[in-house]
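As the structure is a prediction and not an experimental result, all values here were calculated from the model.
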Amino acid sequence: MVKKPKNLWGLIALLILVLPILAACGGAASTATTTGSTQATPASDSSATTTAPTAGTDVQASPASTDVKDVTVTLPFQQGGITSLDHAYWSAQLFVSQGVVFEGLYGYDQQLNIVPKIAESATPSADNTVWTIKLRKDKKWSNGDPVTAKDFYAAWVRAAGPELKDAPMWAGMMGYVKNGYAFKAGAVGIDEVGFKLVDDYTIEVTLSQPNAAFINFLPVMNAMPINAKNLEAHPSDWFDPKNAVYNGPYVVESWVSGGDIVLKRNPNYVGDGIGNVGTIVLRPYADANARLQAFENQEIQFTFLEDASQLAYAQGNPDIKDNIKSEENPIVWKGIEYNRSLDAGPLQDVRVRQAFALSIDKKAITDQILKGLAVPTDTFNSDVRVKDKVKSLSYDVAKAKQLLAEAGYPDGAGFPELTFYAPPSNDPQMPWIEAVVKMWQDNLGVKVVIQNNEGPVYSNIQWANYNKDIQPGFATLGGPMNWFQPLDLTLATNHIWYFMDYKEGGMAKYAEYQTQIDAVSSTEAVGDWAALTTRAEAAWTKRQAINKIEEPEMAKISAKAAAAPSFKEQWDAINERFTAAKDDAEKLTAYKDGLLLLLKEEQDATWYDYRTDENKQAQRLMLKLGGQTLDEAWETLPAIQQLAIDSAWMIPIYYDKLYYATDARLSGIVINKLAWGGIFQYQYLQWTE
């Protein structure tokens with residue numbers, strides 16, 4: 001039985017803020033148990049009670065080695081190559097392991113739809129916290145061993161375990177597994193972790209919170225298997241090509257750290273729908289021009305055309321022009337954000353923010369500056385299921401001037417100077433940043449100065465929760481995903497509701513509490529416990545008042561959400577420890593725990609008071625998204641994206657139009673439209689003489 005949450009608004013913070021805030025590092029969306037392919041993007045999924053192989057998948061397929069061409073295709077790889085083939089870590093799975101040399105329960109097809117690979121079915125419990133996954137029985141490792149649930153269990157326990165302290169829990173499913181973080185920290189044993197080996201072809205995953213879209217994590221990184229017998233024999237270097245066995249369409253024949261990776265077809269691979277290339281070489285190149293030259297010399301069979309000069313050159317080259325292709329990437333917006341200064345200045349007024357958004361001629365930027373390598377956009381997620389349902393802030397100088405005048409700054413009169421915090425001066429974004437600033441000055445009569453910053457400093461300005469010591473203004477931002485999960489479809493605009501859309505002074509108050517929270521660890525003496533108790537009673541009264549407001553709506557959205565201890569239950573437990581403390585050390589520990597709990601509760605409750613009505617509405621929608629299948633998410637998404645557009649804390653300007661050239665005989669290139677870009681899923685390459 002799932003208890004009703006006692007602190008529903010606190011649950012919002014738990015379910016939303018524990019999600020990786022650096023979604024820009026990555027995301028793919030999952031669906032509830034579905035029949036047929038689980039369409040991630042651009043198509044949708046269809047919900048049922050189990051997930052089976054797609055139509056046309058022959059569960060008794062013979063080894064897919066009958067039509068392999070004796071041909072070598074060489075492709076440019078990430079700059080600097082790769083230093084590990086261990087798929088517990090991010091880079092290995094992203095560029096090689098995922099679906100190529102290791103195949104997961106689910107994988108991506110050529111359109112980035114999520115489809116069953118080794119999974120025969122995936123069935124959730126009624127509350128979407130327990131997923132039971134059954135495996136096909138015909139899949140094989142490259143050494144002939146059957147692929148079983150033991151291989152997934154062994155890999156998952158290793159990736160989540162305390163021995164691999166630096167293996168990232170956020171990067172994939174591990175951070176969502178029950179007691180996953182506690183296991184990584186060594187605080188619990190494997191028996192308390194949400195992995196259960198049911199039998200040789202059935203595995204069960206229990207999650208820390210409901211996720212109707214869990215299967216979309218299963219093509220990603222640390223969900224890949226390892227041959228359990230091989231892992232036991234080679235625990236520290238199982239992934240070295242001299243030891244490794246693989247279950248994907250390819251095996252690693254050789255690998256030089258930071259250099260070439262040579263992939264050969266796996267003769268024991270069982271499965272359909274893959275390409276026919278016998279050998280793939282992945283080769284790092286130092287820069288875009290080196291890659292283009294290598295393509296011209298027929299040393300590689302693919303290259304991106306990364307800027308306007310390369311595109312123009314290729315279009316004028318008779319040996320290349322007929323083999324140029326392009327794809328748009330509407331799931332990654334690029335543009336501008338409020339720079340997260342604690343003081344928003346005049347940008348606190350939504351009319352001012354909207355005026356700035358309305359005065360940017362995005363088509364001029366994409367046509368004249370980005371030279372057709374981008375598509376202008378007024379929406380964050382430009383999938384038709386979103387953009388056709390939202391009203392955008394399109395280029396309208398007259399409306400912009402009207403809004404600025406209504407805010408008290410007719411023709412920019414009296415408007416204070418703002419700062420655009422920009423990347424280094426040689427960054428390729430600078431031409432369009434300069435164009436935007438000029439448009440603001442020309443169209444609104446305001447003054448905005450550009451301040452360039454070095455890379456690490458600039459990244460912090462873009463992604464920090466807040467910035468204490470900068471002037472109000474702007475920075476650039478993008479909205480990528482690492483995987484397709486419903487909340488990730490908001491494309492980083494959830495940061496608006498975390499750290500931007502608050503009443504005046506709200507973020508400064510949050511930061512004030514954060515300073516006190518950070519200081520708790522250095523507390524050396526017990527303070528006035530009675531005074532803390534009085535504050536705790538007031539905090540609990542405040543929490544109950546918030547719950548009274550939020551509970552009716554939240555109960556509709558999250559009736560089956562996992563219960564969390566209330567603030568009062570946690571405080572009472574600490575109070576008992578403080579009262580029963582046998583010495584000063586125990587008393588100080590209990591005091592610090594109580595102070596920390598209280599400060600966080602006061603911070604959250606105060607933060608609630610400073611949220612705008614739109615913020616509260618968005619928080620509710622995000623909680624709703626977090627419990628939905630992908631199909632359901634596409635129905636909810638327009639409403640939350642409309643709030644983001646109207647807020648104008650972030651301004652989408654364009655998304656990329658990707659141009660590339662291939663050898664005329666090569667097809668099956670899969671563009672990685674997720675966070676890291678490039679190409680991946682090499683198993684679909686097709687060679688036609």
Can you check side chain to side chain contact (heavy atoms under 4.5 Å, CB included) on Lys69 and Val277, steps first, answer last? CA-CA 5 Å; Lys69 297 288 187 183; Val277 174; over 6 Å; no
Taking atom NZ as the centre, does Lys178 end up with more than 12 heavy-atom neighbours from other residues, nucleotides or ligands that are less than 6.0 angstrom away? no
Partners meeting ring-ring contact (aromatic ring centres under 6.0 Å, His included) with Trp156 (sequence neighbours left out): Phe152, Phe195
Counting distance only, does the side-chain N/O of Tyr458 pair as donor-acceptor with the main-chain N or O of Thr476 below 3.5 Å? yes
For residues Thr490 and Leu487, report the shortest heavy-atom separation together with the two atoms involved. OG1-O, 2.7 Å
Taken to the nearest 0.5 Å, the spacing of Leu197 CG from Glu204 CD works out to 10.5 Å
Checking Glu299 against Arg283 for the salt bridge (charged side-chain N to carboxylate O under 4.0 Å, His left out) test, could you report, in this order, the C-alpha distance in whole Å, the side-chain angles of both residues, the deciding distance, and whether it holds? CA-CA 10 Å; Glu299 297 167 11; Arg283 178 165 296 160; 5.8 Å; no
Should Trp141 and Asn268 count as side-chain neighbours, where that means a heavy-atom distance under 4.5 Å? no
Evaluate whether atom CD of Gln293 has more than 12 neighbouring non-hydrogen atoms of other residues, nucleotides or ligands under 6.0 angstrom away. no
With distance as the sole test, does Trp333 use its side chain to make a donor-acceptor pair with the main-chain N or O of Ala492 at under 3.5 Å? no
Could you state the interatomic distance from CD1 (Ile671) to CZ (Phe680), rounded to the nearest 0.5 Å? 9.5 Å
Nearest non-hydrogen partners of Pro424 and Gly455, listed with the distance: CG-N, 4.0 Å
Do Asp319 and Glu296 have side-chain heavy atoms sitting under 4.5 Å apart? no
From Val101, Val100, Val670, Ile274, residue fulfilling side chain to side chain contact (heavy atoms under 4.5 Å, CB included) relative to Tyr682: Val100
With side chain to side chain contact (heavy atoms under 4.5 Å, CB included) as the test, would you mind laying out the steps for Ile669 and Leu685 before giving the verdict? CA-CA 6 Å; Ile669 291 288; Leu685 295 177; 3.7 Å; yes
Criterion side chain to side chain contact (heavy atoms under 4.5 Å, CB included) against Leu489, the qualifying member of Leu630, Ile331, Asp383: Leu630
Non-hydrogen side-chain atoms of Leu477 and Trp463 separated by less than 4.5 Å: yes
Kindly indicate, with the supporting measurements, whether the criterion side-chain hydrogen bond (donor to acceptor under 3.5 Å, both in side chains) is fulfilled by Asp307 and Ser309. CA-CA 6 Å; Asp307 57 37; Ser309 62; 2.7 Å; yes
Side chain to side chain, Asn276 and Val68, heavy atoms closer than 4.5 Å: no
Mark yes or no for whether Asn266, through its side chain, and Gly248, through its backbone, hold a donor-acceptor pair below 3.5 Å. yes
Taking the side chain as every heavy atom from C-beta outward, state whether Thr662 and Gln301 have any atom pair closer than 4.5 Å. no
List the steps and the verdict of side chain to side chain contact (heavy atoms under 4.5 Å, CB included) for Tyr106 and Val115. CA-CA 6 Å; Tyr106 285 77; Val115 296; 5.9 Å; no
If you measure from the Lys or Arg side-chain nitrogens to the Asp or Glu carboxylate oxygens, is any gap between Lys673 and Glu327 under 4.0 Å? yes
As an exercise, state the distance from CG of Leu292 to CG of Asn297, rounded to the nearest 0.5 Å. 9.5 Å
Test item: Tyr201 and Thr148 side chains (from C-beta on) under 4.5 Å apart, heavy atoms: yes
Heavy-atom neighbours of Asp70 CG exceed 12 at 6.0 Å: no
Any side-chain to backbone donor/acceptor pair from Lys139 onto Val270? Under 3.5 Å, distance only. yes
Taking atom CD of Glu328 as the centre, report whether more than 12 heavy atoms of other residues, nucleotides or ligands fall under 6.0 Å from it. yes
Donor-acceptor pair, Asn179 side chain versus Ala182 backbone, under 3.5 Å? no
Correct closest heavy-atom pair for Ala88 and Arg158 would be CB-NH1, 3.8 Å
side-chain hydrogen bond (donor to acceptor under 3.5 Å, both in side chains) assessment of Asp287 paired with Asn289: CA-CA 6 Å; Asp287 56 57; Asn289 290 330; 4.9 Å; no
Trp238 side chain to Asn227 backbone, donor-acceptor under 3.5 Å: no
Closest heavy-atom pair, His87 versus Met221, reported as atoms and distance to 0.1 Å, is O-CG, 3.3 Å
Please check if the side chain of Lys184 supplies one atom and the backbone of Leu164 the other of a donor-acceptor pair under 3.5 Å. yes
Is the distance between the ring centroids of Phe214 and Tyr176 under 6.0 Å? no
Donor-acceptor pair between Glu103 and Tyr269 side chains, under 3.5 angstrom: yes
So do the side chains of Val332 and Tyr655 get within less than 4.5 Å of each other, counting heavy atoms only? no
Does Val252 reach the side chain of Leu263, with side-chain heavy atoms less than 4.5 Å apart? yes
Checking Asp109 against Tyr684 for the side-chain hydrogen bond (donor to acceptor under 3.5 Å, both in side chains) test, could you report, in this order, the C-alpha distance in whole Å, the side-chain angles of both residues, the deciding distance, and whether it holds? CA-CA 8 Å; Asp109 69 10; Tyr684 297 116; over 6 Å; no
Minimum heavy-atom distance Thr366-Ala374, with the two atoms named: CB-O, 3.6 Å
Test side chain to side chain contact (heavy atoms under 4.5 Å, CB included) applied to Trp255 and Val262, step by step: CA-CA 6 Å; Trp255 159 56; Val262 179; over 6 Å; no
How close do Pro76 and Arg291 get, heavy atom to heavy atom, and via which atoms? CB-CD, 3.5 Å
If you measure from CG on Asp427 to CD on Glu454, what distance do you get to the nearest 0.5 Å? 10.5 Å
For the atom pair CD (Gln310) and CD (Gln315), what is the distance rounded to the nearest 0.5 Å? 12.0 Å
Check whether the ring centres of Phe102 and Tyr246 lie less than 6.0 Å apart, and answer yes or no. yes
Please check if the side chain of Gln79 supplies one atom and the backbone of Ala286 the other of a donor-acceptor pair under 3.5 Å. yes
Could you state the interatomic distance from CD (Gln298) to CG (Asp663), rounded to the nearest 0.5 Å? 7.0 Å
Is it true that Phe304 and Phe302 have ring centroids separated by less than 6.0 Å? yes
Between Val281 and the options Thr74, Ile300, Leu75, Ile261, the side chain to side chain contact (heavy atoms under 4.5 Å, CB included) test singles out Thr74
side-chain hydrogen bond (donor to acceptor under 3.5 Å, both in side chains) evaluation trace for Asn243 with Asp237: CA-CA 7 Å; Asn243 300 323; Asp237 58 353; 3.2 Å; yes
